[in-house]
Amino acid sequence: MSVSEQELKEFREEVSAWLKENNPGDPGFLLPESFMEVGTDEQFEYLRDWQSKVYHAGYLGMAWPAEYGGGGKPQVFQDIVTQEMARQRVPFMTNTIGLNWAGPLILSRGTEDEKKKYIKGILSAEDIWCQGFSEPDHGSDLGNAQTRAVRDGDDYIISGSKIWTSLGTYARYMILLARTSTDGPNKYAGLSFFLSPMKVEGVDPVPIKKLTSEYGFCQTYFNDARIPGTCIMGKEGEGWQIAMETLMYERGATGGQAGGLAAMDLNINDVLELAKRSTRNGKPALEDPLIRDRMVQFLIEAKGNALMIPRTRITALNSERPMAVAMSGKLRGTELKRRFCQFALSLQAANGGRFVGPQAIDGGKWQRSYFNSFSATIGGGTSQVQRNIVGERVLGLPKS
Amino acid sequence: MSVSEQELKEFREEVSAWLKENNPGDPGFLLPESFMEVGTDEQFEYLRDWQSKVYHAGYLGMAWPAEYGGGGKPQVFQDIVTQEMARQRVPFMTNTIGLNWAGPLILSRGTEDEKKKYIKGILSAEDIWCQGFSEPDHGSDLGNAQTRAVRDGDDYIISGSKIWTSLGTYARYMILLARTSTDGPNKYAGLSFFLSPMKVEGVDPVPIKKLTSEYGFCQTYFNDARIPGTCIMGKEGEGWQIAMETLMYERGATGGQAGGLAAMDLNINDVLELAKRSTRNGKPALEDPLIRDRMVQFLIEAKGNALMIPRTRITALNSERPMAVAMSGKLRGTELKRRFCQFALSLQAANGGRFVGPQAIDGGKWQRSYFNSFSATIGGGTSQVQRNIVGERVLGLPKS
Amino acid sequence: MLLDTAMDFCSTHSPVTSVRTRIEEESDFSDDLWRQVIDLGWTAIIIPESYAGLGLSMTDLVPIVESMGRNLMTTPLVSSTLAAHALIEGGSEEQKNTWLPRIAQGAIATIALAEAEGSWNLKQLTSFGTRTNGKVQLSGSKNLVENAAAADVILISINLEGEPVLALIEKSLIPDGALTREIIIDETRRAYQLDLDGIIIDESMLLASCCLKQIEYATLLLLCAEMAGGHAAVLNVIVEYLNTRKQFDRYIGSYQALKHPTVQILIDMEASRSHLYHAATIWNTATEDELEIALRMAKAHASESFAHAGDRAVQFHGGFGFTYECDAQLFLRRALWCQYQFGDEKYHRQLLAPLLLD
Amino acid sequence: MLLDTAMDFCSTHSPVTSVRTRIEEESDFSDDLWRQVIDLGWTAIIIPESYAGLGLSMTDLVPIVESMGRNLMTTPLVSSTLAAHALIEGGSEEQKNTWLPRIAQGAIATIALAEAEGSWNLKQLTSFGTRTNGKVQLSGSKNLVENAAAADVILISINLEGEPVLALIEKSLIPDGALTREIIIDETRRAYQLDLDGIIIDESMLLASCCLKQIEYATLLLLCAEMAGGHAAVLNVIVEYLNTRKQFDRYIGSYQALKHPTVQILIDMEASRSHLYHAATIWNTATEDELEIALRMAKAHASESFAHAGDRAVQFHGGFGFTYECDAQLFLRRALWCQYQFGDEKYHRQLLAPLLLD
């Protein structure tokens, strides 16, 4: 289906105007940067209302099939919306796991019933989704999941616990990786994948206090929770394979996401903007040659990262190790963010020692972002594990 | 034996005057920084003559027993000589392995015959010593040495090869770690230690060209070389233990060395001095705020290292991990040197791209020192292995 | 040895559980613990014998503050000592007679040098004093004042007729509402904003000499002691976890990706201690340049390396490190506070440059 | 695709064995290889069609120079192209007519901008020209002039009556002994000092416009291409060793102490390529500011990271890395040469600062 340039241009103008009109504006409290940081009811409700509004205006899931609640339009329209949202820095779409991981997964390999049941609620934010992969004792070692799912008549009985469940207390569903068997040929063979209800007896999401002193994650306990047997996705034993497919969506290596802004990440231009208005010891921070040099270093590094994606489209420039750029993306991006947030504190002189509150610079968001940046350098495979992965899969080095 | 302050003061003046008088001066070619870098006959002869002169003036081995050729004086006299040599930056004592490792070892555990035979030649530089521990295929894994020493009547037959034998072509003796047995309870049990002659048939030291394009190391081949059985030190199977004792001398963790300046290492003050007279783009390099900051960083790091040794004398400040300072010394010192030599190149703008020759700044010694600095970050256990050692032995972390 | 005593006392009286309890509480510190600190004589250490003190040196406080830092122990000892130091260096005889014996016996004092802009240049002041009839009328505000709510006396810096001066404000002169608690990154501490508007002090409350440099030096010394202790403690937190946590069936301490950076943290900590005790050793004897070099080197090195250790501590604890429950964050927060008070590494290196290079 | 062709050609014709042979030889490059480069048309790439060239862009040379860098291949292609670029940008019609067709067909040209002091500021010149009767008398010297001994023409920069100008010196005008080989860190290259004293050129040899900036930009682009290639190659040298060398019974590539830094070298290399091809892509279309930013970012990043890769390559080869026989040193030497020609990372970051921050 080809779309004319003119049509796209007009659409962009329409979206831009709508966003300007409907941007929910400053809520009067510090907003989270992503769904992983939603820690209070007021934050959650503000963000859910906003997603609902965007969806009902027709700007979310635009390329998903119309029969399940999507827009049925070419992807390019959704991309324009996402770009405009980023440009105008409106709040993000909070049902991230539904929109970007569970949704595409269900559309790709779900049954007709599953698509009918789940897709619309994902888009409207009526049904919030969370993820149950990691476990307390096996951080980076997903394949070793010990949460049990035991068949009992038509149901499964779930026991164990999952950790880092963002939005756990708000979620209606969880994508759950659990062990249905312990006597397979290897640890992966016993895993199965569930689209599991959260609001049933025996499922108990308990908020975890983060190093920021805020909430935003849960540990979800399963105390012999009974869920319908139909909740399983695929067959018993296919869990690892489906989880890996889900991670491809999580890493953005595969398309099919509902679109819409996924986070309001601070970026290097925000740091530059902070640097421009900061003073250190009574002088503009940008008069300090060391600050200048560090800022330029960050800009070079950020530019290098930004250039990576367009470059990968030129095959000849990526023939030797085609996955190098994609597989190192998380490592590059998350470590850069951690470091530039640290740097942002150093722009504030003694006020670098403040924390979230009215007297802190920008309300303390830099301090909070620095602390929250660890969720990305740790979650989804620590930077140390990422380096193993790149070393082994991209460079072909032996396992550590 | 107590020595009066006055006596020491006079002695220091005497030494100082002697050194000023007898300093052999600029030879007209770039001198090596240590015995590991002696690469040409003219360098070697210049340095041997100098050591011989120092010894015959009574300023070397001053605390070694007089009956074997030493001075039989209190250690403090030798220390004064060494300090004055460092202060006046006279050339170093080139028979380093003899003076600092083999010599103390022989004095500590050698037989009367061994002491009589070897000590005087070590001091006078008549008998140059080299070391045969490392092997080509087992760089950092000394215990795995494969060079064989097979008993044959009164002799041993040596076969295999050793690498990184500094002064190999000049040496009369080698401290040699070789395998006398392969069926011990572990790899260490089969090792024996020899004071082995170099000038016998079947011992073939072949100079290795270094990354600097200079020579200074050999690979020493043993082709069924026959050496007298009396060359063994201690008993068969004691090799590992004696080698470890030798390494304690090498690392300076144990006293007993003959003294005298062991190297003419460039240090951080030399870098500062270079920085003060360097220009970058027509301006004094020290006007550049980035150069200034980097220079200050190096000075802080070097000062920290310099303060470590005096601090270890205060027990209360080292009670938690008493070996931390000593065991990290090589790592700290050698890595700092590598980095400050790199930095020295950056002071030279386009001339950083020159190499040893008349047009290079300081004759190219900074470039050469940078390249040679790898001998210290690699030899005697790479920095990577050093970090394992400190992590495991000082911090008690599990083996990698 | 003072260090051993101090280490024993602080580890017994400030276990990490009690640190966490203190964070939750309203009061700025534990009265009970403070009483014991006074009983140990620590508040009297630097006070001259002629003012009922022990007549020891700031140097003698170093091992104590290092031990406090190691255990994240908070009391007004440091702020009181710094105020006493200012009085010793710059106070009038009357001020010394009035305050030093009281501080020695446990009166709480603090220093209020920072302002809203957060400048490390202590002479750059936007709080003012105006003289009239033997009185000084104050205006503006001081910020990040530690232990202000409990303080019997606060030593402030103000701009008086274009010159920086120091002045004492007694508790009784601080109106209700003039102190506001501030939110700072190190939750074990308490800091306040002090509004000066409307406060009038007697001229006799002005210090004879504006010894800002002496206060800065003492603060740097004690901050470095606190950081050296914290750095040693966070290293232990890391090592402990690396030796007990398993991933992929191996203790994570066996992975060089964690082991080698931890070795660097050890090396940095040892260097911090070396710089600290060097500065302490020459405190009483060095020329001003030597002392300034030693202190700024110590602060520059410790600021950067302790903050780095705290950062790595969080990372190396993986998911647990991201929780409030993990002790790593306590040290990271402490490290950031110390890094950004009285100058970070870049600031001190810039001040060192002319001393070392020119 | 030009990159594939270039990679094939360079790896076939410049295996590392032949690189080592070339280092030992007297001549500056292989005549045979140079003839083949000419036959491939590479010398004609940037020459306009009106001067018997191919009329392509500097951009088209980037994959070729990257491939040459990857194989440490040395020919006068880069120096000839840079001289041609200068003529295109600043030469008179007569100069272009005389030289461009010849360079397209393989005449060797080079640029001589550096001087003994090693300044990166190309306008800071201590070699002089003095005009008399339609002639220019030269004095001083130029340094680090690549391929000067073989060059048919050398483009020099001089200070002429207070202004920097460019001038051509034909081979025939260079007296015996005016060229002295210089010892440089990258042994695959040849560089010379050119003594100008006594050389007199015709005024017609002066370029119409002093296009130093254009020459600098083209040099940066091609240096970055060379570095990107070298960086990719040294990464392969490391990876190969890590996958074959064992220590303590394990392949050393399984140790994170080597694996993780190698991953960083990969990431840095990919960033170098991204910066390089970004600059190449916008070469013909960007505003001057955009191009300057792209080029200086590319040079700053590549200078630091390629030199770091070379340094680590030596270290990671252990004892073997310390030998001349190990290829790591070839790349370290290449990297250091490239780092210190036309500005290192600090220099370019300082020039970027006003463009990016103010």
Side-chain angles (χ1 to χ4, degrees), chain A residues 134-141 143-144 163-164 208-215 217 219 278-283 288-291 294 338-339 342 345-346 348-361 364 367 370-372 374-375 377-379 382-385 387-388 399-400, chain C residues 23 114-121 124 126 143-144 180 182-187 189 191 193 245-250 252 255-258 261 307-308 311 314-326 328-330 332-333 336-347 349-350:
Chain A
S134 284
E135 297 187 359
D137 290 331
H138 316 93
S140 294
D141 187 7
N144 204 9
I163 200 160
W164 318 127
I208 296 172
K209 193 172 177 183
K210 300 190 296 185
L211 80 169
T212 61
S213 335
E214 301 163 320
Y215 291 89
F217 284 114
Q219 179 160 359
S278 293
T279 58
R280 255 170 81 110
N281 307 317
K283 284 190 201 147
D288 181 324
L290 302 183
I291 297 278
R294 197 74 193 90
R338 182 180 61 79
R339 286 182 280 111
Q342 275 181 321
L345 268 59
S346 81
Q348 304 175 15
N351 289 327
R354 295 185 179 279
F355 203 63
V356 179
Q359 286 186 306
I361 289 169
Q367 281 79 359
Y370 169 40
F371 283 4
N372 274 325
F374 288 103
S375 77
T377 60
I378 291 170
T382 64
S383 295
Q384 287 71 27
V385 169
R387 290 190 190 98
N388 277 349
K399 278 189 89 74
S400 287
Chain C
I23 289 174
E115 300 194 346
E117 201 238 347
S119 175
W120 293 316
N121 180 340
Q124 210 173 71
T126 58
N143 286 79
L144 303 173
T180 322
E182 296 194 293
I183 299 165
I184 58 174
I185 205 160
D186 178 359
E187 296 182 315
R189 296 177 127 86
Q193 173 167 319
R245 171 81 172 171
K246 282 187 171 185
Q247 284 276 281
F248 304 105
D249 300 324
R250 282 166 56 184
I252 60 173
Y255 292 107
Q256 291 177 333
L258 305 184
H308 176 72
D311 176 285
V314 169
Q315 178 71 23
F316 292 174
H317 280 76
F320 180 51
F322 195 65
T323 68
Y324 194 77
E325 190 191 342
C326 174
Q329 57 93 3
L330 297 173
L332 175 58
R333 287 164 172 271
L336 291 167
W337 172 264
C338 293
Q339 181 177 30
Y340 292 120
Q341 299 318 300
F342 289 80
D344 67 359
E345 57 275 19
K346 292 193 203 87
Y347 176 76
R349 290 200 306 256
Q350 284 172 322

Discussion item. What I'd like to find out is whether the side chain of C:Thr323 reaches to under 4.5 Å of the side chain of A:Trp164, using heavy atoms alone.
Written reply: yes
Worksheet entry | Contact leader toward chain A among C:Asp344, C:Thr180, C:Asp186, where contacts are heavy-atom pairs under 4.5 Å | C:Asp344
Discussion item. Heavy-atom cut-off 4.5 Å, strictly under: side chain, backbone, both or neither for C:Gln256 against chain A?
Written reply: neither
Worksheet item: Within a strict 4.5 Å, meaning less than it, do heavy atoms of the C:Glu325 and A:Lys209 side chains meet?
Response: no
Discussion item. Can you confirm whether A:Arg338 sits close enough to C:Asp311 that some side-chain heavy atom of one is under 4.5 Å from a side-chain heavy atom of the other?
Written reply: yes
Worksheet item: With a 4.5 angstrom heavy-atom cut-off, which part of C:Glu345 approaches chain A: side chain, backbone, both or neither?
Response: neither
Worksheet entry | OG1 on A:Thr212 to CD on C:Gln329, rounded to 0.5 Å | 9.0 Å
Discussion item. Out of A:Gly357, A:Gly352, A:Gly379, return the one with the most heavy atom pairs under 4.5 angstrom to chain C.
Written reply: A:Gly352
Fill in: Contacting region of A:Gln342 [heavy-atom separation from chain C under 4.5 Å]
both
Practice prompt. Establish, from distance only, whether the side-chain atoms of C:Arg250 and A:Ser400 form a donor-acceptor pair under 3.5 Å.
Written response: no
Worksheet entry | A:Phe217, part contacting chain C, at a heavy-atom distance under 4.5 Å | side chain
Item to complete: Taking the side chain as every heavy atom from C-beta outward, state whether A:Leu345 and C:Leu336 have any atom pair closer than 4.5 Å.
Response: yes
Practice prompt. Determine, step by step, whether C:Phe248 and A:Asn144 satisfy the side chain to side chain contact (heavy atoms under 4.5 Å, CB included) criterion, reporting the C-alpha distance in whole Å, the side-chain angles of both residues, the deciding distance to 0.1 Å, and the verdict.
Written response: CA-CA 9 Å; C:Phe248 304 105; A:Asn144 204 9; over 6 Å; no
Worksheet entry | pair A:Tyr370-C:Leu332: side-chain heavy atoms closer than 4.5 Å | yes
Item to complete: Side chain from CB out, backbone as N, CA, C, O: work out which of these in C:Leu330 comes under 4.5 Å of a heavy atom of chain A, or both, or neither.
Response: neither
Fill in: Contact check, side chains of A:Ile208 and C:Phe322, non-hydrogen atoms, under 4.5 Å
no
Practice prompt. Is it possible for you to check whether A:Arg354 lies under 6.0 Å from the centre of the six-membered ring of C:Tyr340, through NZ or CZ, and within 45° of that ring's axis?
Written response: no
Fill in: side-chain hydrogen bond (donor to acceptor under 3.5 Å, both in side chains) against C:Glu117, all qualifying residues, sequence neighbours excluded
A:Thr279
Worksheet item: Passes side chain to side chain contact (heavy atoms under 4.5 Å, CB included), A:Ile378 versus C:Phe320? Steps please.
Response: CA-CA 10 Å; A:Ile378 291 170; C:Phe320 180 51; over 6 Å; no
Worksheet item: Just how far is it from atom OG1 of A:Thr382 to atom CG of C:Leu258, taken to the nearest 0.5 Å?
Response: 7.5 Å
Practice prompt. Decide yes or no for A:Leu211 and C:Val314: does some side-chain heavy atom of the first lie under 4.5 Å from some side-chain heavy atom of the second?
Written response: yes
Worksheet entry | Part of C:Gln339 lying under 4.5 Å from any heavy atom of chain A | neither
Discussion item. Whether the C:Gln124 and A:Asn281 side chains hold a donor-acceptor pair (N or O, under 3.5 Å, no angle test) is what I'd like checked.
Written reply: no
Worksheet item: Top residue by heavy-atom pair count (under 4.5 Å) with chain A, among C:Cys338, C:Gly319, C:Ala191, C:Ala257?
Response: C:Gly319
Response to the item:
Taken to the nearest 0.5 Å, the spacing of C:Ile184 CD1 from A:Phe355 CZ works out to 11.5 Å
Worksheet item: Is a side-chain donor or acceptor of A:Arg280 paired with a backbone partner of C:Gly118 at a separation under 3.5 angstrom?
Response: no
Worksheet, complete the sentence: All heavy atoms of A:Ser346 vs all of C:Lys346, minimum pair found to be OG-NZ, 3.3 Å
Item to complete: Could you walk me through whether C:Asn143 and A:Gln359 pass side chain to side chain contact (heavy atoms under 4.5 Å, CB included), step by step?
Response: CA-CA 10 Å; C:Asn143 286 79; A:Gln359 286 186 306; 3.8 Å; yes
Worksheet entry | Distance-only donor-acceptor check, side chains C:Gln315 and A:Thr377, under 3.5 Å | yes
Worksheet item: Side chain, backbone, both or neither: which part of A:Arg387 has an atom under 4.5 Å from a heavy atom of chain C?
Response: neither
Practice prompt. Please look at A:Asp288 and chain C and tell me whether the side chain, the backbone, both or neither of the residue comes under 4.5 angstrom of a heavy atom of that chain.
Written response: side chain
Worksheet item: Hey, are the side chains of C:Arg333 and A:Phe371 touching, using non-hydrogen atoms and a 4.5 Å cut-off?
Response: yes
Practice prompt. Using side-chain contact (heavy atoms from CB on, under 4.5 Å) as the criterion, list what pairs up with C:Pro261, not counting sequence neighbours.
Written response: C:Phe316
Worksheet entry | Whether C:Gln341 side chain and A:Ala350 backbone form a donor-acceptor pair below 3.5 Å | yes
Worksheet item: How far apart are the closest heavy atoms of A:Gly353 and C:Trp337, and which atoms are they?
Response: O-CE3, 3.5 Å
Discussion item. Between C:Ala116 and chain A, with a heavy-atom cut-off of 4.5 Å, which part of the residue counts as in contact: side chain, backbone, both or neither?
Written reply: backbone
